[in-house]
Amino acid sequence: MSTDGWKNFGKYGANLDPENRHGKIVLARALEDALERMIIEGGIKSPVTTRRGLTARMKYLTTTQGGAQAMADAGITAVPKTISAWTKGTQNPLPANLDAIDTAYWNLRAANILNNPGAFKQHLNNQGKGTKVEIHPINQDVVDEPRRRDNLRIRTLRVRYVWDDAVDAMIAGDVGKLEEIWDDIIADLDSDWGAYTYVRHIGLGA
């Protein structure tokens, strides 16, 4: 696609592939995926169906602020005596309650990380080394043949200094700020930057 094509995205068919999106949208999605990985990888590994997994989840839910509400939101209606028995391991919840306990645990963990995103920012900042950003160009197959740029390739950058603002913008849903950040990132691609205003996929790996 020509420079005119990037400014008028979709004019030559690029929008026919729903995965071809503005970088700010794909960046937000990449941040959400990275956050989800962090939530899961740092969470309790043992399944809720095991004694260890159940008691660890119940300890978190009963000692962390917001735990009671998380259980209620997950549909747990057990009385305090039963909650205590689950936590001590003297009574096993029914399968439906096991599922609800697991849901409550992961929801509370996610909410706590979102409310205190410092660890996520620290992960992306990577002690000042930044995060590797892998940028996949749009799918050119849907673009009118005379306007295709088949020479576009996956680009990889080591990006620093933007992650505090990027995480705040992702959490706030500030698309305008995400657009500014994406413009800053692709500026490092020099004259090729315009071809990566719209992309198909962004991978993040510290």
Side-chain angles (χ1 to χ4, degrees), residues 23-76 78 83-89 91-136 156-175 177-178 181-182 185 199 201-206:
K24 63 189 176 187
I25 304 300
V26 188
L27 177 61
R29 185 167 58 193
L31 285 166
E32 290 168 357
D33 290 344
L35 177 61
E36 183 175 355
R37 288 196 302 273
M38 181 179 176
I39 290 168
I40 293 171
E41 290 171 3
I44 297 168
K45 301 296 189 294
S46 302
V48 70
T49 51
T50 65
R51 172 77 174 269
R52 182 176 182 178
L54 173 61
T55 54
R57 284 166 176 78
M58 289 307 303
K59 182 177 179 180
Y60 184 82
L61 289 167
T62 55
T63 60
T64 304
Q65 185 175 358
Q69 187 61 52
M71 286 190 283
D73 291 342
I76 296 172
I83 297 290
S84 178
W86 292 347
T87 305
K88 293 175 181 177
Q91 181 177 332
N92 291 322
L94 294 173
N97 281 325
L98 282 175
D99 288 342
I101 290 166
D102 197 42
T103 297
Y105 166 72
W106 289 112
N107 285 348
L108 182 59
R109 175 168 167 76
N112 285 338
I113 290 177
L114 282 171
N115 290 332
N116 300 282
F120 186 39
K121 293 177 181 179
Q122 186 176 13
H123 170 71
L124 294 170
N125 285 318
N126 193 20
Q127 297 181 329
K129 299 174 186 176
T131 289
K132 183 174 71 174
V133 178
E134 187 177 86
I135 308 169
H136 294 238
T156 302
L157 298 171
R158 174 66 65 172
V159 178
R160 301 173 176 84
Y161 311 123
V162 305
W163 298 114
D164 286 2
D165 288 342
V167 170
D168 289 340
M170 183 266 295
I171 292 173
D174 188 342
V175 179
K177 185 63 178 179
L178 286 168
I181 292 167
W182 184 242
I185 291 173
V199 295
H201 173 73
I202 296 169
L204 301 180

Are [X] and [Y] side-chain neighbours, meaning at least one heavy-atom pair lies under 4.5 Å?
| X | Y | value |
| --- | --- | --- |
| L31 | W163 | yes |
| K177 | D168 | no |
| V167 | L35 | no |

Straight-line distance of [X] [atom1] to [Y] [atom2], nearest 0.5 Å:
| X | Y | atom1 | atom2 | answer |
| --- | --- | --- | --- | --- |
| L124 | T131 | CG | OG1 | 4.5 Å |
| R160 | I185 | CZ | CD1 | 13.0 Å |
| N97 | M71 | CG | CE | 11.0 Å |
| E41 | E36 | CD | CD | 10.5 Å |
| I101 | T49 | CD1 | OG1 | 11.5 Å |
| Q65 | L108 | CD | CG | 9.5 Å |

Extract all donor-acceptor atom pairs below 3.5 Å that involve side chains of residues 51-63 and protein atoms in other chains or at least two apart in sequence.
from : atom 1 : to   : atom 2 : distance (Å)
T55  : OG1    : R51  : O      : 2.9
T55  : OG1    : R52  : O      : 3.2
R57  : NE     : D102 : OD1    : 2.8
R57  : NH1    : S46  : O      : 2.7
R57  : NH1    : G53  : O      : 3.0
R57  : NH2    : S46  : O      : 3.2
R57  : NH2    : D102 : OD1    : 3.3
Y60  : OH     : N112 : ND2    : 2.9
T62  : OG1    : M58  : O      : 2.6
T62  : OG1    : K59  : O      : 3.4
T63  : OG1    : K59  : O      : 2.5

(message) The criterion is side-chain hydrogen bond (donor to acceptor under 3.5 Å, both in side chains); which residues satisfy it with Q69, sequence neighbours excluded?
(response) D73
Quick one: closest heavy-atom pair of [X] and [Y], and the distance?
| X | Y | answer |
| --- | --- | --- |
| L114 | P117 | O-CD, 3.6 Å |
| M170 | A28 | CG-O, 4.1 Å |
| G23 | I202 | O-CD1, 3.8 Å |
| A100 | A74 | O-CB, 3.4 Å |
| R158 | K129 | CD-O, 3.0 Å |

(message) Could you check whether atom CD of Q91 has more than 12 heavy atoms from other residues, nucleotides or ligands sitting under 6.0 Å from it?
(response) yes
(request) Please test K132 against E134 for side chain to side chain contact (heavy atoms under 4.5 Å, CB included), starting from the C-alpha separation and ending with a verdict. (result) CA-CA 6 Å; K132 183 174 71 174; E134 187 177 86; 5.6 Å; no
(request) Apply side chain to side chain contact (heavy atoms under 4.5 Å, CB included) to the pair D174 and L178, showing each step before the final yes or no. (result) CA-CA 6 Å; D174 188 342; L178 286 168; 5.8 Å; no
(message) Under the criterion side chain to side chain contact (heavy atoms under 4.5 Å, CB included), I'd like the reasoning laid out for W182 against I135: C-alpha separation, chi angles, the key distance, then a yes or no.
(response) CA-CA 11 Å; W182 184 242; I135 308 169; 3.8 Å; yes
(message) For V159, run the side-chain contact (heavy atoms from CB on, under 4.5 Å) check against V133, I181, L204 and tell me which one passes.
(response) V133
(request) Could you tell me whether the side chain of K45 and the main chain of G43 form a donor-acceptor pair under 3.5 Å? (result)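 Between the backbone of G43 and the side chain of K45 there is a qualifying donor-acceptor contact (under 3.5 Å).
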